[in-house]
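One structure is given here, and the rest of the page talks about it.
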Amino acid sequence: MKLTKRNENYSKWYNEIILKANIAEKSDVRGCMILKPYGFAIWEKIQSILDRILKSTGHENVYFPLLIPKSFLSKEFNHIKGFAKECAVITHYRLKNLNNKNLIVDQSSHLDEELIVRPTSETIIWNSYKRWINSYRDLPILFNQWANIIRWEMRTRFFLRTSEFLWQEGHTAHSTKKEAINHTKKMLNIYTNFVENFFSIPVIQGRKTSSEKFAGAEKTFCIESIMQDGKSIQIATSHFLGKNFSKAFDVKYTTKKGKKKYVWATSWGISTRLIGAMIMTHSDDKGLILPPKIAPIQIVIIPVYKTQEQLHLIEKIVFPFKASIEKKGINIKYDKRTYYTPGWKFNEYEIQGIPIRITIGKKDLDRGTVEVVRRDTLEKKNISIKKLETFIPKLLYKIQDNIFKKALKRKEKFLLKVDSYEEFKKKIKTNSGFIFSHWDGTSETEKKIKFETNATIRCIPINLTSKLGKCIFSKKKSKQRVLFAKSY
RNA sequence: CGGGAUGUAGCGUAGGUUGGUUAUCGCGCCUGGUUUGGGACCAGGAGGUCGUAGGUUCGAAUCCUAUCAUCCCGACCA
């Protein structure tokens, strides 16, 4: 029943918390998980908030097919090189019945052209942009789609890496390079605000090195965050695709002056991985800690009573309070199940990370108070019933703020400037975290450091500037420091 | 694909070397009752192709062979 402690076995803790909080389960399909109602409700929160943000910044939702003809995928050389090794391929379209028991693939139904289950949708979308874009008047196109993706992963972990995952992918088309680059950065900022404001996860913005960038992109920007175990995770990416896809799919527009020009592109995405990052950022040894803005249930009320009269008196307080708090758009659950004891419920809702728990029983009735417990600090307070309605929204705000500050402190603690390779190796081994060091800019050095230490360059940070220096590994000239870390 | 391990009730397991009644225990589930302020208790009950197929044997969860699946470590990927 008890959760493994973080410092005993971090990844075991992570798996258990997901199972015990009823967020997700492994499925019988290798590498694919089942999102249970509580977990899917978190995804729905992500969808509804981000969808609103995307629409308010001029994006429109579309939906393209799950299946992509093989020929589309092979049009952009770097793109296919990056994805070829993890594609699910559909080769047949019919089964037949063998001796009324077993189904077998009907070999006569082989497809002339195999279909790929989308690992991302640039190709199938740009194939349509070719038809939709003729004039400068058709630009920009700012489309987004909510979809599932298949990437055939060898080794999977709940939310962090699964063969099938859910995401949104934005695909935009622009008339100028400048506009496309600006849009790439704009999306990075949108993601940053979204993750920091709603998830209370502080991030670092940066650019990927050429070996880490998206296959088919000119430049890949990302937001990275450090988890409680000192490992870094990429939370979102935004790509400047240059003219790579417009050239591959021959997408040109006519300028005002009548010239034909290739279209500039961006793509960007955030996935169910964000849920994994949220769990690892905030949760503790007692279970999940959900940011109030993301928690599907923000408050739970637990009655403690012996007689029906007591229950009646409790509900005379609970029902009006519940109704008025719901009017403020706060989700509140009243749990009066009798087959679980209050103690059982306390533990259950702690595992589920519900931000505020209110207990009301005979003692409270006598005093005219309720017991309010906040999940992030586990602090208990008796609050008078009269003040409750103003107290609760403020407390939700405080919790959101407190977990952000806590994560921010950790981010600072885990960011170290290191100038010697010996120290670098030591730090990576012992407490990990982000190590801010000089790099000569070559893939060879990057590879060697990865081979020797397991740390990779997570990004070249945008907002952390640094002076010229010497590469920590090769001692060659370095333009700026980059962030190294072990990663998920 | 290489190296290792494991498959027994919904979950976690005992038994296996040394084959022998009705396959063990805990959690969970169902019924009744007492409980309810930090994972309640008592009594009763349901639930099993022992991964699958074949073999050895009077007799197989146990021994043998094959096969499938899963997990861990590599490789691959990020």
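Reminder, nothing fancy here: chain letters follow the sequence lines and each chain counts from 1.
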Exercise. Find out whether the Lys NZ or Arg CZ of A:Lys231 is both under 6.0 angstrom from the six-membered ring centre of A:Tyr488 and within 45° of the ring's axis.
Key: yes
Self-check item: A:Arg357 to A:Phe346, cation-pi by 6.0 Å centre distance and 45° axis angle
Solution: yes
As a test of reading the structure: which of [options] is closest to the side chain of [X], going by heavy atoms?
{"X": "A:Lys286", "options": "B:G38, B:U36, B:C29", "result": "B:G38"}
{"X": "A:Arg161", "options": "B:A78, B:G37, B:C76", "result": "B:A78"}
{"X": "A:Lys306", "options": "B:A78, B:U36, B:C71", "result": "B:U36"}
{"X": "A:Arg273", "options": "B:G38, B:A78, B:G37", "result": "B:A78"}
{"X": "A:Val373", "options": "B:A75, B:G38, B:U36", "result": "B:G38"}
{"X": "A:Ile351", "options": "B:G37, B:C77, B:G39", "result": "B:G39"}
{"X": "A:Arg357", "options": "B:A78, B:G38, B:U36", "result": "B:G38"}
{"X": "A:Glu86", "options": "B:G38, B:A75, B:C77", "result": "B:C77"}

[Y] versus [X], side-chain donor and acceptor atoms under 3.5 Å:
{"X": "A:Ser474", "Y": "A:Asp440", "value": "yes"}
{"X": "A:Thr456", "Y": "A:Arg458", "value": "yes"}
{"X": "A:Ser238", "Y": "A:Thr184", "value": "no"}
{"X": "A:Gln107", "Y": "A:His92", "value": "yes"}
{"X": "A:Lys486", "Y": "A:Asn454", "value": "no"}

Could you measure between the two [atom1] atoms, the one in [N] and the one in [M], and give it in whole Å?
{"N": "B:C27", "M": "B:A40", "atom1": "C1'", "answer": "15 Å"}
{"N": "B:A9", "M": "B:U13", "atom1": "C1'", "answer": "11 Å"}
{"N": "B:G12", "M": "B:U70", "atom1": "P", "answer": "15 Å"}
{"N": "B:A78", "M": "B:G3", "atom1": "C1'", "answer": "24 Å"}
{"N": "B:U6", "M": "B:U65", "atom1": "P", "answer": "15 Å"}
{"N": "B:U8", "M": "B:G15", "atom1": "C1'", "answer": "10 Å"}
{"N": "B:G38", "M": "B:G32", "atom1": "P", "answer": "27 Å"}
{"N": "B:G16", "M": "B:U21", "atom1": "P", "answer": "13 Å"}

Exercise. Take the angle between the ring planes of A:Phe214 and A:His239 and call it parallel below 30°, perpendicular above 60°, tilted in between.
Key: parallel
Quiz prompt | Plane angle bin for A:Phe165 and A:Trp167 - parallel if under 30°, tilted between 30 and 60°, otherwise perpendicular | solution = perpendicular
Please confirm whether the shortest side-chain N or O distance from [X] to OP1 or OP2 of [N] is below 4.0 Å.
{"X": "A:Arg30", "N": "B:C71", "answer": "yes"}
{"X": "A:Lys85", "N": "B:C76", "answer": "no"}
{"X": "A:Thr341", "N": "B:A40", "answer": "yes"}

Quiz item: What nucleic acid atoms does A:Lys362 come within less than 4.0 Å of, heavy atoms only: base, sugar-phosphate, or nothing?
Solution: base
Under 3.5 Å, which protein N or O atoms sit close to an N or O of nucleotides 47-49 of chain B? Give each pair with its distance.
none

At a cut-off of 3.5 Å, list every protein nitrogen or oxygen paired with a nitrogen or oxygen from nucleotides 3-12 of chain B, distance to 0.1 Å.
none

Quiz item: Side-chain donor or acceptor of A:Lys380 under 3.5 Å from a matching atom on the base of B:G37?
Solution: no
Quiz item: Which pairs pass side chain to side chain donor-acceptor pair (under 3.5 Å) with one or both residues in residues 201-212 of chain A, sequence neighbours excluded?
Solution: A:Asn189-A:Gln205, A:Thr192-A:Gln205, A:Gln205-A:Asn463, A:Lys208-A:Glu224, A:Lys208-A:Gln234, A:Thr209-A:Ser211, A:Thr209-A:Glu446, A:Ser211-A:Glu446
Distances under 3.5 Å between nitrogen or oxygen atoms of protein and nucleotides 41-43 of chain B:
none

Exercise. Return the minimal non-hydrogen interatomic distance between A:Phe199 and A:Gln400, and the atom names on each side.
Key: N-NE2, 4.2 Å
Quiz prompt | From CA spacing to verdict: ring pair (Phe, Tyr, Trp, His ring centres under 6.0 Å), A:Phe194, A:Tyr191 | solution = CA-CA 5 Å; A:Phe194 173 61; A:Tyr191 285 144; 7.6 Å; no
Exercise. May I ask you to test the A:Leu388-A:Val372 pair for a side-chain heavy-atom distance under 4.5 Å?
Key: yes
Practice problem: Check each residue of residues 219-238 of chain A for a non-hydrogen atom within less than 4.0 Å of any atom in RNA chain B, then write out the ones that pass by number, or none. | Solution: none
Self-check item: 5'-to-3' dot-bracket of RNA chain B (Watson-Crick, G-U; under 3.5 angstrom; crossing pairs as [ ]; | other strand)
Solution: (((((((..(((.......[....))).((((((.....)))))).....(((((..]....))))))))))))....
Quiz item: Starting at the 5' end of RNA chain B, which residue's closest nucleotide do you reach first, A:Lys26 or A:Glu153?
Solution: A:Lys26
Quiz item: Looking only at atom types and distance, does a side-chain atom of A:Gln168 sit under 3.5 Å from a main-chain N or O of A:Trp146, one as donor and one as acceptor?
Solution: no
